[in-house]
Student: 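One structure coming up, written as structure tokens, with questions to follow.
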2 protein chains.
Amino acid sequence: MGASKTESFSPEQNEMASLFKALSHPARIAIVDYLLKVDSCICGDIVNELPLAQPTISQHLKELKNANIIKGTIEGTAICYCINPDTMEKIESHFGTIRQKLKNKCC
Amino acid sequence: MGASKTESFSPEQNEMASLFKALSHPARIAIVDYLLKVDSCICGDIVNELPLAQPTISQHLKELKNANIIKGTIEGTAICYCINPDTMEKIESHFGTIRQKLKNKCC
DNA sequence: TTATTATATTGCAATATTACGATAAAACAA
DNA sequence: TTGTTTTATCGTAATATTGCAATATAATAA
């Protein structure tokens, strides 16, 4: 074994797990942090910001893109990445729902 | 290689990544969902709720505990698990901050 | 055309995660 | 004590992730 039993859980549960998995690596958190820090959707220089090799960062960007956490648009030779606000809002509202449900608890 | 370069990132980035990693598996999402669904902090029957063997669930519960997402208190022979609202609020406020920062963006 | 620049893909080694059978431990009941 | 119930741990196989050198691709410049 070793593969996670995806088919045993609901689509919603799998979707949330995928979103969190995309955010479960410090390099990917750092990428999101950087995209938030710079004024606009800066192209290119993510590689210079992080202590990782270019293929590694490309791989992390791909995972963030696949999870719809960031969007990339081709801008000449470079690619301009920025955060997808819809996905962020989706996650925030998930925790908003959790907070609501916790209000009726005894813990 | 293969180990993630934890030391290259800030404590905050590593902490958020750890929280998301704890939530990055559908079984652990399902555990949180179940703890939210039941009226109070129900003891024991998480094993009967999920299609996973008892050692596997115990392992998932351990990870959620280590991440401070759930708390467990001994209740006789059983252990009573419930969600830690502080950690949930921490994550929610993280995305609240992200939303604020996105307001000033062009994307 | 050739060169340059930016990003993606391939291939692989190191490491981590997932799942579970077997077993242990802890609390209680008879 | 022995038995029962509940949860944790150990050991291990299957699979996934991480990181990077080498290489490929794509867009532009000279």
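Residue numbers start from 1 in every chain, and the chains themselves are labelled A, B, ... in the order their sequence lines are given, proteins ahead of strands.
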Student: Could you tell me how far apart B/Ile79 (CD1) and D/dT7 (C1') are, to the nearest whole angstrom?
Tutor: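 It works out to 6 Å between those atoms.
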Student: Over how many whole Å does the gap from A/Leu64 atom CG to C/dT7 atom P extend?
Tutor: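 Answer to the nearest Å: 15 Å.
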Student: Look at B/Lys62 and D/dT9 and indicate whether a side-chain polar atom (N or O) is within less than 4.0 Å of OP1 or OP2.
Tutor: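 True: B/Lys62 side-chain N/O within range (under 4.0 Å) of D/dT9 OP1/OP2.
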Student: Can you measure from CD1 (A/Ile69) to CG (A/Leu23) and round to the nearest 0.5 angstrom?
Tutor: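 It comes to 3.5 Å.
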Student: Say you draw a straight line from CG of B/Asp86 to CG of A/Leu102; how long is it, rounded to the nearest 0.5 Å?
Tutor: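 So the gap between those two atoms works out to 10.0 Å.
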Student: Can you measure A/Ile74 atom CD1 to D/dA26 atom P for me and round it to whole angstrom units?
Tutor: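 Value for this atom pair: 10 Å.
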Student: Rounded to whole Å, please give me the gap between CG in B/Asn48 and P in D/dT5.
Tutor: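 Atom-to-atom, B/Asn48 to D/dT5, this comes out as 13 Å.
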Student: Measure from CG on A/Leu61 to C1' on D/dG19 and round the result to the nearest Å.
Tutor: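 Roughly 14 Å, once rounded to whole Å.
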Student: Looking at DNA chain D, which of residues 49-58 of chain B put a heavy atom within less than 4.0 Å of it?
Tutor: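 The stretch gives B/Gln54, B/Pro55, B/Ser58 as the residues lying under 4.0 Å from the strand, ordered by number.
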Student: For B/Glu7 and C/dT15, what is the distance between atoms CD and P respectively, to the nearest whole Å?
Tutor: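 Taking atom P of C/dT15 as the reference, CD of B/Glu7 is at 13 Å.
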Student: Short of 4.0 Å, heavy atom to strand atom, which residues of residues 11-33 of chain A count as contacting DNA chain C?
Tutor: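 Residues of residues 11-33 of chain A under 4.0 Å from DNA chain C: none.
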Student: How many whole angstroms separate atom CD of A/Gln59 from atom C1' of C/dC12?
Tutor: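 Atom-to-atom, A/Gln59 to C/dC12, this comes out as 12 Å.
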Student: Does B/Phe9 reach the side chain of A/Leu50, with side-chain heavy atoms less than 4.5 Å apart?
Tutor: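 Of all side-chain heavy-atom pairs linking A/Leu50 with B/Phe9, at least one is under 4.5 Å.
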Student: From B/Lys101 NZ over to A/Leu36 CG, what is the distance, rounded to the nearest 0.5 angstrom?
Tutor: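 The distance works out to 5.5 Å.
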Student: Between A/Ser58 (side chain) and A/Gln54 (backbone), is there a donor-acceptor pair under 3.5 Å?
Tutor: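 Not confirmed, A/Ser58 side chain does not pair with A/Gln54 backbone.
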Student: Compare all side-chain heavy atoms of A/Lys37 with those of A/Glu49 and state whether any distance is below 4.5 angstrom.
Tutor: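 They are in contact (side-chain heavy atoms under 4.5 Å apart), so the answer is yes.
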Student: Would one find a side-chain N or O of A/His60 under 4.0 angstrom from OP1 or OP2 of D/dG19?
Tutor: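 Yes, such a contact exists.
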Student: Does B/Arg28 reach the main-chain N or O of A/Ala17 with its side chain, forming a donor-acceptor pair under 3.5 Å?
Tutor: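 No: the side chain of B/Arg28 does not pair with the backbone of A/Ala17.
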Student: Nearest 0.5 Å please: distance from the CD1 atom of B/Ile83 over to the CE atom of B/Met88.
Tutor: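 CE of B/Met88 is found 4.5 Å from CD1 of B/Ile83.
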Student: May I have the distance from B/Ile46 (atom CD1) to D/dT7 (atom P), rounded to whole angstrom?
Tutor: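 Distance check: B/Ile46 CD1 to D/dT7 P gives 8 Å.
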Student: Can you sort out the partners of B/Glu12 under salt bridge (Lys or Arg N to Asp or Glu O under 4.0 Å), two or more places apart, ordered by chain and number?
Tutor: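 Checked B/Glu12 against salt bridge (Lys or Arg N to Asp or Glu O under 4.0 Å); zero matches.
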